[in-house]
Amino acid sequence: MAELTEELSHVKAEEPDVPSNKDVKVYPRDEKPAGGPEHSGTPTVIVDDLHIIYRVYGAASDAERGNAANALLRLVRRQGRPQMREVHAIKGVSFVAHHGDAIGVIGRNGSGKSTLLRAIAGLLPPHSGAVYTDGQPSLLGVNAALMRDLTGERNIVLGCYAMGMKPSQVKEKYSEIVGFSGIGEFVQFPMSTYSSGMGARLRFAIASAKSHDVLLIDEALATGDREFKRKSQERIKLMRQEAGTVFLVAHNLDVIEETCNRVIWLHKGKIKMDGPPKEVLTAYNRV
Ligand SMILES: Nc1ncnc2c1ncn2[C@@H]1O[C@H](COP(=O)(O)OP(=O)(O)OP(=O)(O)O)[C@@H](O)[C@H]1O
């Protein structure tokens with residue numbers, strides 16, 4: 001900690017101005033995109049007829065796969081342009097999220113949950129359609145990109161800077177982050193020595209040390225133990241009260257039910273249902 005304090009005092013002299021992260025974009029249409037329960041809060045995220053298509057180079061199409069002739073053909077074709085396949089992961093998704101919402105995103109493997117979160121975070125360009133956000137979305141574990149070769153301590157400092165915190169704020173939050181993560185003395189060890197649960201807990205502790213306009217959490221709570229799940233659910237509730245919007249992808253439906261006030265069910269890249277957790281989860285459990 002002494003080393004950390006010294007490091008922070010050096011950095012203070014070069015402390016950059018943190019720009020305002022309000023990024024209000026004007027929604028181009030008068031009407032509201034379809035779906036979702038009624039809300040009185042301000043819209044924070046508007047997803048409008050979003051399509052995301054991945055391009056995979058070097059992949060054989062179905063027609064090309066499967067026999068020796070096709071294999072030979074593929075060998076020959078490799079001399080020319082590589083084959084390209086498209087994966088249409090999000091197919092015309094529209095919804096509006098509001099201040100104070102905690103939205104669970106559920107669906108089978110490959111239904112497009114992570115892709116949707118990455119698109120909201122601005123990490124994937126839409127093929128068509130648009131995502132509008134009021135404020136800076138933060139995708140847990142990516143925005144605060146943690147480095148396996150560095151100690152937990154270093155990652156906390158870098159992660160906090162990456163979220164736009166000032167050195168004085170990092171100093172103030174440091175002990176709280178370590179305490180919340182529950183990693184104890186491992187904070188002095190490189191993250192490569194952590195279990196996946198410890199890494200996820202530290203990521204959550206760092207990301208939730210700051211209130212976010214839009215916080216996107218992808219399965220981070222899945223690896224924590226029961227005590228950590230309880231603590232993180234409480235913190236998500238607190239973040240909602242602090243006017244943020246939280247998106248949560250989790251396969252554990254209990255976590256979704258206890259944490260969220262709304263659930264979006266994705267199926268093969270489309271919204272199958274969008275509404276209160278009880279209704280959506282009951283329908284989801286029936287299939
Ligand atoms: N980087 C990528 N390149 C090509 N295709 C991808 C890529 N990432 C995801 N996909 C494809 O996009 C579709 C949606 O994947 P995505 O990871 O968003 O689903 P998911 O619902 O989060 O799945 P899971 O529950 O297994 O995490 C899948 O068909 C997947 O194979």
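Order of listing sets the numbers, starting from 1, for every ligand and every atom in it. Worth saying up front: this structure is predicted, and the values here are computed from it rather than measured.
- The pair R235-E176 meets the salt-bridge criterion, with a side-chain N (NZ, NE, NH1 or NH2) lying under 4.0 Å from an Asp/Glu carboxylate O.
- Counting heavy atoms of neighbouring residues, nucleotides and ligands inside a 6.0 Å radius, atom CZ of R108 does not exceed 12 of them.
- Between R230 and E227, at least one side-chain nitrogen of the basic residue sits less than 4.0 Å from a carboxylate oxygen of the acidic one, meeting the salt-bridge criterion.
- Residues lining ligand 1 at a heavy-atom distance below 4.0 Å are given as Y54, V56, V87, A89, R108, N109, G110, S111, G112, K113, S114, T115, H251, ordered by chain and residue number.
- H267 and W265 have perpendicular rings, their planes meeting at more than 60° on a 0 to 90° scale where under 30° would count as parallel.
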Note to self: Using the rule given for side chain to side chain contact (heavy atoms under 4.5 Å, CB included), can you reason through F247 versus V214, listing the C-alpha separation, both sets of side-chain angles and the distance that settles it, and then say yes or no?
What the structure shows: CA-CA 8 Å; F247 285 85; V214 178; 4.1 Å; yes
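- Crowding of F186 atom CZ: a count of heavy atoms from other residues, nucleotides or ligands under 6.0 Å not exceeding 12.
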